[in-house]
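This report concerns only the one structure given below.
In what follows, residues are counted from 1 in the order of the sequence shown. The figures here come from the full heavy-atom set of this structure, side chains too, leaving out hydrogens, waters and symmetry mates. Order of listing sets the numbers, starting from 1, for every ligand and every atom in it. Keep in mind that this is a model prediction, so the values were computed, not measured.
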Amino acid sequence: MFDQKTELFELTTKQVYFFDLDGTIYLGNKLFQGVYDIIDLLKKKKRYFFFLSNNSSKSTTDYLKKLNYFNLKITRENLILSQHPTIDYLKKNHYKKVFLLGTQSLKNEFENEGFELNEEDPEILVLAFDQELTFERLKKAAYLLQKEDFPYIATHLDNRCPTEQGYIPDAGGIAALLYKATEKIPIVLGKPNKEMLLFKLNQLNISPKDAVIFGDRLYTDIKMGKEAGVTTTCVLSGETNIEMIKNSNYRPDFILNGIWELLEEFYKL
Ligand SMILES: [Mg+2]
């Protein structure tokens with residue numbers, strides 16, 4: 001089932017490369033071997049590449065600063081955060097006045113994108129990873145959701161976020177508080193919604209079969225890739241091992257020990 005020696009060549013033929021970050025490109029403060037060379041190589045070969053994160057607690061500008069810690073030399077064009085498909089959705093559906101449960105950093109990005117942040121008379125509630133949440137704002141959000149069919153979306157619904165001291169509640173935890181009061185569930189635009197990949201492929205006018213995703217989580221990265229119709233590669237450098245793959249409904253097309261094995265495949269050409 002996992003005899004893939006000859007087929008790995010396929011991974012060098014794609015037009016678009018999507019990479020999860022944590023567990024795939026780095027783990028904590030440690031960047032995996034080969035990452036700089038892969039980026040250089042994809043640039044030289046004029047392939048598109050994007051790094052993905054559900055974390056919407058920071059604006060794209062601030063997230064790039066975080067990535068600069070690793071000296072990755074990538075630009076905002078190479079980054080897909082869960083607020084990007086969310087903003088795409090809001091624009092496509094002509095929403096202007098937004099109640100954003102989000103940090104000041106994220107609010108800045110929404111304002112730069114032309115949205116009016118409005119807590120009194122909004123057209124839609126957008127839930128993000130609001131690390132500056134107050135009970136007052138939670139109350140306002142709960143009141144809104146009790147209006148019939150009030151539009152409600154979320155950048156992502158990860159339950160918890162790992163930090164150095166332990167887990168903290170993520171956007172899914174905040175959504176759970178609102179659910180207890182209102183029984184409303186938001187539409188999710190980030191992982192594992194395939195829109196996180198498809199909105200970008202649509203912008204580029206490239207077919208999903210010409211794209212590949214590398215990720216370490218079966219129930220987000222691999223699930224999303226399969227549903228979007230892109231080639232899926234699970235790396236074993238994060239939270240997944242071979243046993244988990246055998247027992248999962250989300251079987252990747254390829255398995256690599258880590259991202260460095262993609263580089264080795266390119267070197268064989
Ligand atoms: Mg990951």
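Checking side-chain atoms of Glu119 against main-chain N and O of Lys140 turns up no donor-acceptor pair under 3.5 Å.
In terms of distance to the Mg ion (ligand 1), the nearest N, O or S atom of Asp20 is named OD2. Checked against the Mg ion (ligand 1), the N, O or S atom of Asp22 at the shortest distance is O. Sorting the N, O or S atoms of Asp216 by how far they are from the Mg ion (ligand 1) puts OD1 first.
In this view, Tyr152 satisfies the ring-ring contact (aromatic ring centres under 6.0 Å, His included) rule with no residue, not counting sequence neighbours.
Annotation: Tyr250 is not in aromatic contact with Tyr219 [ring centroid separation under 6.0 Å not met].
Residue pairs meeting the side-chain hydrogen bond (donor to acceptor under 3.5 Å, both in side chains) criterion with at least one partner in residues 31-50, sequence neighbours excluded, are Tyr17-Arg47.
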